[in-house]
Chemist: 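Pasting in a structure now, in structure tokens, and then I'll have a few things to ask.
Note that ligands are numbered from 1 as they come in the structure, with each ligand's atoms numbered from 1 the same way. Being a predicted model, the structure only gives us computed values, none of them experimental. Positions are given from 1 along the sequence.
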Amino acid sequence: MGRLDVSLLRYLTHEDLRALTAVEMGMKNHEIVPVSLVASIANLKHGGCHKVLRELGKHRLVCFERSRSTVGYRLTNKGYDYLALRVLSTRDVLTSIGNQIGVGKESDIYIAASDEEQLALKIHRLGRTSFRQLKNKRDYHKHRKSVSWLYLSRLSAMKEFAYMKALYDRGFPVPKPYDFNRHAVVMELLNAYPLQQIHELDDPERVYYGLMDVIVKLANHGLIHGDFNEFNIMLDAQDRVTIIDFPQMVSTSHKNAKYYFDRDVECVRNFFCKRFGYESTYIPSFDDDISRESALDCEVSASGFSKEHETEFEKMEEYFRHQPDDNDSDSDDETDSSSDVDGAHEEPTDNRVTETGTLQSTTHPVNDGTAEPEFESIKPVATMADELADTIDQLDDLDLDNKSYRPFRSEDSQQHTNHHVVKATKKYARSSATSTTSVPPEQIKARVRQAMTKEKKAALHRRLVKGESAIVTKQRRELKDDIKSSRDVDAWFG
Ligand code: ADP
Ligand code: MG
């Protein structure tokens with residue numbers, strides 16, 4: 001398993017981050033974001049923007065692409081990771097990243113640290129079979145201009161955080177959630193092993209009853225885990241259970257709720273039977289053993305991860321799960337180290353297919369005190385403008401429009417200009433008052449009028465090329481719309 005190379009994060013400049021965020025925003029509506037759009041969103045000069053993007057490209061944070069209709073850039077996995085990590089680090093949630101400790105079909109888990117403690121960082125990578133492959137799935141894209149792994153992974157992380165928080169607040173045995181941004185979730189690092197790695201239990205009956213208790217309690221609160229298998233059940237040294245991995249949770253009011261519930265129960269039963277030779281007569285039933293206590297499923301919806309997100313997420317998941325993997329990996333746009341990571345996804349060291357049919361992986365023991373994890377600091381070396389990535393999200397519409405379409409005037413520059421105008425008028429007034437001219441005023445007026453008509457004619461002449469002005473106006477309008485709709489990344493969820 002590889003490491004997340006975050007060394008560059010310390011050296012990214014204000015402009016780099018602006019351009020990177022602008023590519024991300026542009027990807028809301030474009031698979032490939034034209035440089036002109038990046039420049040407009042980031043409010044950078046076109047030439048400067050080219051240079052910044054080229055540099056970002058060298059570091060594999062963005063990738064240059066050319067299609068039949070567009071030439072531009074797209075964000076890479078690494079670029080997206082950087083944007084999320086940058087925000088988490090400026091929020092002081094994370095200060096360093098260590099080794100990768102887990103890898104699943106749709107996520108990478110890293111050990112991380114804040115100033116106070118070690119943490120687990122889960123980076124969701126839905127649709128990781130590569131963006132290029134997504135491009136072939138046009139039928140899915142039909143109703144959106146461009147939907148991508150960015151959107152999928154972001155929804156998945158958002159869902160996981162929302163559920164983990166709701167469960168943790170209710171006292172369920174889940175890791176403590178700390179924060180999330182984009183596709184990255186920060187949570188408590190468990191000093192535990194997946195049940196899959198455990199071959200002997202002192203008291204299998206106690207653990208079995210504990211697990212069934214969790215399944216029933218979840219259902220009493222309106223939820224079903226949906227992937228309750230040996231890879232998502234963590235056991236500590238005292239055989240205490242913690243449940244992880246929540247993006248696939250469903251409500252007990254889901255049309256297939258009973259099926260998912262029974263599948264979770266069956267999964268644990270089978271595993272205990274095979275691994276520990278333990279068979280119990282206690283098999284909770286969805287119809288008889290559930291007594292609804294609260295509606296966590298509805299509470300989670302209220303916290304921002306709405307029913308619409310849920311439905312869309314389910315549809316997308318369903319869609320991507322049923323696509324054959326063609327192993328057309330993203331390796332061309334990743335750094336050496338991140339392609340290592342990708343390699344790990346394609347050929348995981350200890351991946352198995354579980355009873356539920358999902359591909360899972362084992363982790364290595366993490367914070368058992370035997371190994372000193374290596375960390376790489378992600379704190380920026382130079383102090384940059386605070387939370388640039390967040391700030392750019394909130395750019396004021398008017399401000400940006402002003403800057404993009406007219407010479408930008410701040411209050412200072414306005415005063416400065418006024419000063420000039422006043423000075424110039426005074427000077428002109430003085431000179432016109434003092435100068436003596438022999439040309440009569442009527443003649444001056446006539447000359448001015450003549451000059452103006454000449455100008456008008458010239459202007460008209462310029463417009464005579466057929467349709468030229470219409471094209472320019474259309475392009476301007478399109479660019480303006482583009483910027484408007486691309487700017488608000490959070491509207492992805494709206
Ligand atoms: P996926 O959704 O890809 O299956 P999981 O959340 O199940 O991802 O995590 C994959 C592996 O990473 C797990 O099997 C577990 O071993 C490890 N892992 C996940 N979260 C933590 C954590 N908080 N602390 C320690 N290890 C973890
Ligand atoms: Mg899992």
Chemist: Numbering the atoms of ligand 1 from 1, which are under 4.0 Å from a heavy atom of M187?
Modeler: 23 (N)
Chemist: If I take the Mg ion (ligand 2) as the centre, what angle separates the OD1 atom of N232 from the OD2 atom of D245? Nearest 10 degrees is fine.
Modeler: 90°
Chemist: Step by step, work out the side-chain hydrogen bond (donor to acceptor under 3.5 Å, both in side chains) result for E160 and H124.
Modeler: CA-CA 10 Å; E160 175 142 60; H124 291 244; 2.9 Å; yes
Chemist: Surrounding CZ of R292 (heavy atoms of other residues, nucleotides or ligands, distance under 6.0 Å), is the total greater than 12?
Modeler: yes
Chemist: Under 4.0 Å, heavy atoms only, figure out whether ligand 1 is touched by the backbone of L190, its side chain, both or neither.
Modeler: both
Chemist: Considering only heavy atoms, which of M234, K122, Q100 lies nearest to atom 26 (N) of ligand 1?
Modeler: M234
Chemist: Quick check: S107 and ligand 1, any N/O pair under 3.5 Å apart?
Modeler: yes
Chemist: Closer than 4.0 Å to some heavy atom of A120 - which atoms of ligand 1 meet that?
Modeler: 22 (C), 23 (N)
Chemist: Determine whether more than 12 heavy atoms belonging to other residues, nucleotides or ligands lie under 6.0 Å from atom CG of D202.
Modeler: no
Chemist: Which is it for D227 and ligand 1 at heavy atoms under 4.0 Å: side chain, backbone, both or neither?
Modeler: neither
Chemist: Taking the inter-plane angle between the rings of Y282 and Y209 on a 0 to 90° scale, is it parallel (under 30°), tilted (30 to 60°) or perpendicular (over 60°)?
Modeler: parallel
Chemist: With a 4.5 Å heavy-atom cut-off, do F64 and L53 have their side chains touching?
Modeler: no
Chemist: Are R182 and E24 close enough for a salt bridge, meaning some N to O gap below 4.0 Å?
Modeler: yes
Chemist: Please could you name the atoms of ligand 1 that P194 approaches to less than 4.0 Å, counting only its heavy atoms?
Modeler: 16 (O)
Chemist: With heavy atoms under 4.0 Å as the rule, classify the contact between E188 and ligand 1 as side chain, backbone, both or neither.
Modeler: backbone
Chemist: Please report whether the ring centroid of H221 lies less than 6.0 Å from that of F172.
Modeler: yes
